[in-house]
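So that the names make sense, note that chain A is the first sequence line, chain B the second, and so on, each numbered from 1.
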Amino acid sequence: MPELPEVETIKRDLEKVIAGKKITKVCVHNAAVIKEPSAAEFKKKLVGRTIKRVLRRAKVLILELSSGKALAVHLKMTGQLVYPGNSSKSRVSFYLDNGKSLDFNDQRIFGELRLVDDWKKLKFIRALGPEPFDITLEQFKEMLRLKKTKIKPLLLDQSFISGIGNLYAAECLFRSRIRPERPANSLSEKEAGLLLKEIKAVLKEAIHYGGSSIDDYVRVSGKPGSYAQYHKVYARQGKPCLVCKTRIHKITMGGRGTCFCPKCQK
DNA sequence: AATGGGACCTGCGCGC
DNA sequence: TGCGCGCAGGTCCCAT
C-alpha cells in the first residue's frame with residue numbers, strides 16, 4: 001500500500017531520527033527480504049557504516065551510507081520502517097550507535113532490501129517514469145496523447161509516471177471527474193490539465209497529513225498517517241458519493257479494484 | 001504494444 | 001464454532 005505520499009512521509013521522518021547515526025549490528029530474522037548481496041555480505045558491509053542521508057525515488061527509499069554504497073528499500077504492500085524498534089515483528093533490525101534499532105517489519109514478506117554501489121543503476125530505478133511533481137502540463141499532454149490504454153492502469157504504470165498506486169489513482173481520477181476506463185488519448189486538453197493538477201494536489205495533501213493508514217502503513221514513530229479520513233472514493237463502494245450521493249461503483253481493471261462515481265466521473 | 005493472468009505472501013472477513 | 005475461500009495490492013514475468 002505505501003505509495004509516494006507514504007514513502008515521502010517515511011523519508012522525512014527517517015531523516016530526522018537516523019541521519020548521522022552509525023550501524024553497529026544487523027539482525028536478519030528473515031533473509032528472504034534481502035535481495036542483494038547475500039545476507040552475510042549484507043550484514044558485513046553495513047556494520048560500521050554511518051547513514052548519511054535518506055532519499056526517495058518513486059516508492060523506493062534510499063539510505064545513503066558513509067561507504068558510498070546505498071541501501072535501497074522497497075516496502076511493497078506491508079513493509080514498515082519503525083524507530084525505535086521493538087523487534088517483535090522485525091524481519092531485519094538495524095542497531096544504531098545509540099543502542100536503539102531501526103526495524104524493517106513486513107508481514108507479507110514482499111518487501112525488498114538491496115545494498116548496492118550505485119542505486120541509480122538499479123534496473124527498477126532506471127525503468128521509472130518521471131516523478132509527478134516534475135511533470136509539466138505540456139509534457140503530460142504529450143504523454144497522454146501517445147497512449148491508447150485506459151487511464152487508470154496507465155497511472156499505475158511506474159514507467160509512465162512513478163509513485164502513484166491504486167489508492168491515489170482512484171482519488172485523482174475522482175477529483176478530476178474522469179472515468180477510470182477512459183482511453184488516455186481521449187482526454188481533452190482541459191481534462192489532462194485538471195488531472196495533472198489533481199495528481200499534484202492529492203499527493204501534496206496526503207504528504208501533509210502523513211499518508212493514508214490503510215492496512216499496515218504506519219509512520220516511523222509507529223503512529224498512523226491521517227489522510228484516510230479525506231479519501232473520497234477509495235474503498236467506498238456501495239456508499240453514497242460525497243458529491244452527488246450516487247452509489248459508488250467498484251469494478252476490476254488490470255486485476256485491481258477500482259472505485260468510481262458513475263455520475264460524477266465522465 | 002497492449003492486455004490478462006499468475007506468482008509472490010499473509011491476515012482478514014465472509015458464507016456455509 | 002470452525003473451516004475454506006476470496007480478497008487486498010506492488011511489481012515482475014510470461015503468454016496471447
*asked:* Would you compute the distance between atom CG of A/L115 and atom CD of A/E41 and round it to the nearest 0.5 angstrom?
replied: 9.5 Å
*Take the protein atom CG of A/L167 and the nucleotide atom P of C/dG10, then report the distance between them rounded to whole Å.*
8 Å
_Can you work out whether A/A127 or A/M77 has the more 5'-proximal nearest nucleotide on DNA chain C?_
A/M77
*In whole angstrom, what separates A/L156's CG from B/dA2's P?*
15 Å
*asked:* With rounding to the nearest 0.5 angstrom, report the CG to CD1 distance, A/L128 to A/I161.
replied: 11.5 Å
*In whole angstroms, how far is the P atom of B/dT3 from the CG atom of A/L154?*
9 Å
*Looking at every strand, decide which applies to A/Y234 at a 4.0 Å heavy-atom threshold: base, sugar-phosphate, or nothing.*
sugar-phosphate
*Taking only side-chain nitrogens and oxygens of A/T149, does any of them come within less than 4.0 Å of OP1 or OP2 of B/dT3?*
yes
*From B/dC9, C/dC12, C/dC13, nucleotide with atom closest to A/F124 side chain*: C/dC12
*asked:* Closest approach to the side chain of A/I109, judged atom by atom: which nucleotide of B/dT10, B/dT3, C/dA8 is it?
replied: B/dT10
*asked:* I need the CD1-P distance between A/I161 and C/dG10, as an integer number of Å.
replied: 15 Å
*Spacing between A/Q80 atom CD and B/dG11 atom P, to the nearest angstrom*: 13 Å
*Nearest listed nucleotide, side chain of A/K250, among B/dA2, C/dG10, C/dA8*: C/dA8
_Counter-base of C/dG6, judged by Watson-Crick or G-U geometry with both distances under 3.5 Å_ = B/dC12
*Distance check: side-chain N/O of A/K148 vs OP1/OP2 of B/dT3, anything under 4.0 Å?*
no
_Protein-nucleotide distance (A/I214, atom CD1; B/dG13, atom P), rounded to Å_ = 14 Å
*Once you round it to whole Å, what is the distance between C1' of C/dC12 and CZ of A/F110?*
11 Å
*Which part of the nucleic acid, if any, lies within reach of A/E112 when heavy atoms closer than 4.0 Å are counted: base, sugar-phosphate only, or nothing?*
nothing
*Side-chain touch A/L4/A/I164, heavy atoms, less than 4.5 angstrom*: no
*Taking atom P of C/dG10 as reference, at what distance in whole Å does atom CZ of A/R57 sit?*
17 Å
*Measure centre to centre between the rings of A/Y230 and A/Y209, then say whether the value is under 6.0 Å.*
yes
*Among B/dG11, C/dC13, C/dG10, find the nucleotide with the atom closest to the side chain of A/K123.*
C/dC13
*Parallel, tilted or perpendicular for A/F140 and A/F160, by the 30°/60° rule?*
tilted
_Applying a 4.0 Å non-hydrogen cut-off, can you work out what A/G255 is touching in the nucleic acid: base, sugar-phosphate, or nothing?_
nothing
